[in-house]
Amino acid sequence: MRRHRRWLQIIGGLLALGIYAGSWHVVGIDLKRLVEPQAAQRAREIFTAFLAPEILVPERGIQRVEALVRVPCESGNASPSTVEAGEGPRLFLPPCASPGTRIRVRGEGFRPRSELVLRWVFAPSPQLPLGGELPAGRTRTDDAGRFELEVEIRPLLAREGGARLQAEAQWEGRWRISPALTRTIELMLQTIFLALMATTLATGIAAPLSFLAARNITARGPVGTAVYYMVRTTFNVVRSIEPLVVAAIFATWVGFGPFAGVLALTVATVVNLGKLFSEVIETIDPGPVEALLATGANSLQVIRYAVIPQITLPFLAFIIYHWDINIRISTVVGFVGGGGIGYQLKLWIDQTDYHKAGTAVWAIVAVVSAMDYVSARLREAIR
Amino acid sequence: MAAERRPPRGSTIVPGLAYSALGLRTLTVIWLTVSLTLVGLALWRGHLWLWVAVGLWWIGTGYDAWRRLEGRRPRLWPAVLIALAAIYGVGWEVTEIHPLAPFERFDKMRPYLIALTQPDLLTYPTERQVLRIPVEVPCIHAPSPKEVRGEARVWLSADCAQPGDLLTLHGEGFPTGPSLELWWVNPIGERQRILQEGRPLSPQVDTMGRFQTTFIAPRAVPLGFEPPPGQSQTHFLELHIVRVIGGPRPSEALLEVAEKMGETVAIALLATTFAVLIAAPLSFLAARNLMGGSPLTRLIYYAMRGFLNIVRSVEPLIFGIVFVVWVGLGSFAGMLALMVHSIAALGKLFSEVVEHIDPGPVEALTATGANRLQVIRYAVVPQVVPEFVSFAVYRWDINVRMSTIIGFVGGGGIGFRLSEWIRLSAYRQVATAVIGIALVVMALDYVSAQVRRRIV
Amino acid sequence: MPLIVDRLTKIYPDGTRALHEVSFTVEDGEFVAIIGLSGAGKSTLLRCINRLIEPTSGRVIWNGIDITAASPRELRKIRRQIGMIFQQFNLVKRATVLTNVLTGRLGYVNPWLSLLGYFPPSEVQRAMRALERVGLADLADKRADELSGGQQQRVGIARALMQEPRLLLADEPVASLDPVLAHSILRYIEELNRKDGVTVLCSLHFLDLVHRYATRVIGLKDGIKVFDGRPDEIDDRRFKEIYGQEAERIGG
Ligand SMILES: Nc1ncnc2c1ncn2[C@@H]1O[C@H](COP(=O)(O)OP(=O)(O)O)[C@@H](O)[C@H]1O
Ligand SMILES: [Mg+2]
């Protein structure tokens, strides 16, 4: 007898070992991949970016003025030594120059104390089919918004017959809420509403269905029993399909967007709530039902006065709980085109915009934890 | 008495004030929350009707507060209805609900429903014999019937056609066993099945070995290869005689689903196992009753709690994308994603189990002078193991479901293939995968329910 | 207008014979105690009378109407004139006391309005009077599960009062209460019987209660009527017949 058990244990152990070895092989576990230099670098990038989500971004200001400088000067023509370009910010510079010399460039009316960059901008030409840019110098504007700089006329300029000299003042302005944050907030609200609409719709469908799936109500007579088993089986089958699969299919049905997500979550919630609801109904106290039947009440009255008062609060608790679950799911239903924050999050990660992705992730953490807390408190309160 | 302390009626101008003056704390909080929510929604969406709803909510609650002040029965339902209408109105808009879309676009769903009744499970090895009939497109001369002779004879009603023309094909001397398929081949060799009402056309051979079928010449001229005006191109109509040789074999999709389901279950198994092994020790660090001793341990406790809560609120699929970037596409990334989420989820459940143990044995062992680790080993662990196992099985259930979709973000398992099939509208393959998932998940559900019943 | 029970038999689907050819007649105004060991068929008998349990054979005739042959519609009409009180009170725990009492009137009020939760003011007043009668008027707005067992049973009586019953079925109304409360509850039932002339059929567990309140006793054993007579006729021999040879008399 004991020997028998020992053998069973050994066989069971070997079986488990085999299963694990097989799984290890199939899944392709390779811990080295976690720490390979490139992978580790990517991971570090992602996680440091996640720790610094994009919430505020500085306002970027730019002023640009440009003027044409011909190289070399056409001989004979007496040209003015300086011309003025631009309105608002103005640039003073000679209209032409000889190669190898230096010209004086002066600016006025720029934003005080900002970074100023001068560059040559070439028009497309046979040598430069796409045009081009060449740095010409950098400085800062003074307190009055002026600057002065000497610029070298390089041989390339002569070859192209001159170029436009562009002065660009750049500065970082006030910090303001980043567009990524506003987008995230908007999408998080959509996510919450997605879950709300799905939960509400599902409640409306699951509540009546659950009576059909309750043994004590429906499973009477052959027809009732058949209905009971049919509804039960449907619940169990549909429950085994993840809402994301349904959402992916529904996205091709009703089109990409939150509505597909709402429908998919509704389906998932109907079957889950339907099962839970029917269990509530199956465990009601039959006493009041009996008492009301004895007073001569009809069956609708019995449901209204003996069944519904008993199930309302448990139903409500399950509804709140599923709203919570649905918010979690709706954060990812966008991966398959079902609306909510998920789509944007995936986009940001695919574009390696990890700081923005971090914003979305933290928003998800905040909303999901808050909902988790609120739903737990609400469920406690209604007990 | 009560009348003396009655707040002034003017306070109903701000209903929240009246409620708080009446000492109705919960109602005051609810009123504030709802008011802020409604105003927030109105600011966000900017619709006039939302502002109207805010006003009506205000008036409705004011009326209710006033009734309460007067000592009459409360009447809150009109205000509640307005608030609900506003919130659901916004929800309707934000989630772009279009109730008719499912009906208007039912044609997109029908193939899925049909496919579910005929999933791609079996294939029969076939042998096909092909009859090619040239067709000039477009007609540059008067069309005349065309005959092709082989073992069997077929007639096509015209030897040239315009896309959209009706053509009739009939044949004689065909064997009755094999099925027939019609294909259209354009001048650059692209082959398409000829459809009738969206379904592949498959003419039936009668007992005399004859058939007749009518179809529409498809638009098959490739873009950029249109013939110059006044000239035509030669297309071919192909009649395939498909003979089944040998018995049924599992289809490619079925084999693939079976293999990928194995992978899916393996992902779930490893993720759950690793998560349990990691979460079990961590949970002791997140248990208040064990970590209450010194400020340091309490710090660890709070850090652990915070960490678990943050990680828990991020769906495994989101970890999935991160790990795919980190270690590359494949089941390893999916396993890691499921594992990390499971560690957090199990860590929290486990720590709650640890917090609710009977303190008696702990006290007794501490009294004998055992150190902290000894106390855990002999007083805590024996108490928590059954519940840990039960939660682990529960998590395994969830992970099996999750691993079917972790592939949607590149995490391996059936999900990867499934998302591809959905994208390609490979309805029958989708149906095969969905049925496969349902069967495996339900079977494992049943098994784990049995296991849990044994333990508890 | 007597209650005639004629060869009533109940065999449950699992084959248990809970009642076997039980016959008796109850005149108006009687207070009949039904006694017997648990499992003797007392609950089954009471429930067969208003057909909460469908009898297998036999007839129940009341006021000249054959209850056992009534259509569902007629049955509801009959039931609303028969009050019933239960051992476990059978109140809707999460509803208010007032609502629980009002439900006793469901057979009379407009069914559609009642589904919306509406009862005419006259009915609400009637409910308040019923609650006053059992001394619970000030608890009308409390949830039923906040009340003690004795109070809950008084709500049960108030609910039965709402029906203005001609017949009251009470299935061990005091078995879940302690002896002092038992007397107070039975006194309300006795008052109904004496003052309002309501016929009472009440299953009881304690012989002293039977002696104190009943005008007539029916004894059941294994679904068979083994005794029918006045309470003072129960001597030791009769007692052993009803309760079995090993039973010892205590009290009463
Ligand atoms: N629903 C039922 N199905 C099968 N047997 C039952 C059922 N209800 C009661 N019985 C059986 O019928 C017999 C009488 O039960 P009951 O009328 O409840 O007795 P009492 O109320 O006197 O204790 C008992 O043997 C009991 O086990
Ligand atoms: Mg009984």
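Computed from a prediction, not measured in an experiment: that's the story for all the values here. The figures here come from the full heavy-atom set of this structure, side chains too, leaving out hydrogens, waters and symmetry mates.
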*Quick one: what part of Ile327(A) sits under 4.5 Å from any heavy atom of chain B, side chain, backbone, both or neither?*
neither
_Phe47(A) and Trp326(B) aromatic centres sub-6.0 Å_ = yes
*For atom OH of Tyr343(A), decide whether the heavy atoms of other residues, nucleotides or ligands shown that lie under 6.0 angstrom number more than 12.*
no
*In terms of heavy-atom proximity below 4.5 Å to chain B, should Trp24(A) be classed as side chain, backbone, both, or neither?*
both
*Below 4.5 Å from any heavy atom of chain A, which atoms of Trp92(B) appear? Answer side chain, backbone, both or neither.*
both
*Min side-chain heavy-atom separation Thr252(A)-Lys108(B) under 4.5 Å*: no
_Nearest-0.5 Å distance, CD of residue Glu263(B) to OG of residue Ser23(A)_ = 10.5 Å
*Pick from Leu263(A), Leu194(A), Val245(A) with the largest number of heavy-atom pairs that fall under 4.5 Å of chain B*: Val245(A)
*Which of the residues Val238(A), Asp350(A), Ile249(A), Val368(A) is involved in the greatest number of heavy-atom pairs with chain B at under 4.5 angstrom?*
Ile249(A)
_Contact class of Ile341(A) relative to chain B, heavy atoms under 4.5 angstrom_ = neither
*Who wins among Arg42(A), Gln41(A), Glu36(A) for the most heavy-atom pairs under 4.5 Å with chain B?*
Arg42(A)
*About how many Å separate CD1 of Ile321(B) and NZ of Lys346(A), when rounded to the nearest 0.5 Å?*
6.0 Å
*Count the heavy-atom pairs under 4.5 Å between each of Ile349(A), Ile364(A), Thr352(A) and chain B, then report the option with the highest count.*
Ile349(A)
*In terms of heavy-atom pairs under 4.5 Å, which option from Gly412(B), Ser331(B), Ala333(B) contacts chain A the most?*
Ser331(B)
_Heavy-atom closest pair, residues Ser240(A) and Val441(B)_ = CB-CG1, 3.5 Å
*Where do Glu93(B) and Phe193(A) land on the side-chain contact (heavy atoms from CB on, under 4.5 Å) test, with the steps shown first?*
CA-CA 10 Å; Glu93(B) 185 187 66; Phe193(A) 273 111; over 6 Å; no
*asked:* Which atoms of Glu186(A) are under 4.5 Å from chain B, going by heavy atoms: the side chain, the backbone, both sets, or neither?
replied: both
*Can you tell which part of Ile46(A) gets under 4.5 Å to a heavy atom of chain B, answering side chain, backbone, both or neither?*
side chain
_Evaluate Leu336(B) against Leu34(A) for side-chain contact (heavy atoms from CB on, under 4.5 Å), listing each step before the verdict._
CA-CA 10 Å; Leu336(B) 289 172; Leu34(A) 278 169; 3.8 Å; yes
*So, Arg401(B) side chain and Arg239(A) main chain: donor-acceptor pair closer than 3.5 Å or not?*
yes
*Name the member of Ile437(B), Ile87(B), Val325(B), Val434(B) that forms the most heavy-atom pairs with chain A at distances under 4.5 Å.*
Val325(B)
*At a heavy-atom separation under 4.5 Å, does Val254(A) approach chain B through its side chain, its backbone, both, or neither?*
both
